[in-house]
Amino acid sequence: MSPYIDCFNKRTIITAAVMGKHLEVLEYILSFKYKPKDSADVEQLQKMLLDSDKIGNTPLHYAYALNEPKMRDLLRDYEPTMKHALSMK
């Protein structure tokens, strides 16, 4: 299943993992080495991590609201890693 798929209320599978407090699922999703095929793919990956849901929250917002420090760290650390990987294509 693609991590880009939006589920209920414009939430992605990453947001669902955070809201469900499923650290292992979040680690699994973020462990994949995504190889974007074009700029649209890059935009979708960034959207998955940075876009807000229907009520204006991102996965990182939920990690803070639910007091999940490991998830917060994982999400914060993943963004620069993603940017570096995308710049090397």
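Computed over heavy atoms, backbone and side chain alike; hydrogens, waters and symmetry mates excluded.
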ask   = Distance from His22 atom NE2 to Glu27 atom CD, nearest 0.5 Å?
value = 13.0 Å
query = Where do Lys70 and Leu23 come nearest, in terms of heavy atoms and distance?
reply = CD-CD2, 3.7 Å
query = Between atom CG of Leu30 and atom CD1 of Ile14, what is the distance when rounded to the nearest 0.5 Å?
reply = 5.0 Å
request  = Report the distance from atom OH of Tyr62 to atom CG of Leu75, rounding to the nearest 0.5 Å.
outcome  = 13.0 Å
ask   = Does Arg76 come within less than 4.0 Å of Asp73, counting only side-chain N to carboxylate O?
value = yes
ask   = Hey, what do you get for CG (Asn57) to CE (Met19), rounding to the nearest 0.5 Å?
value = 8.5 Å
query = Do Val18 and Glu68 come within less than 4.5 Å of each other through their side chains, counting heavy atoms only?
reply = no
query = If every non-hydrogen atom of Met71 is compared with every non-hydrogen atom of Ala63, which pair is closest and at what distance?
reply = CB-CB, 4.1 Å
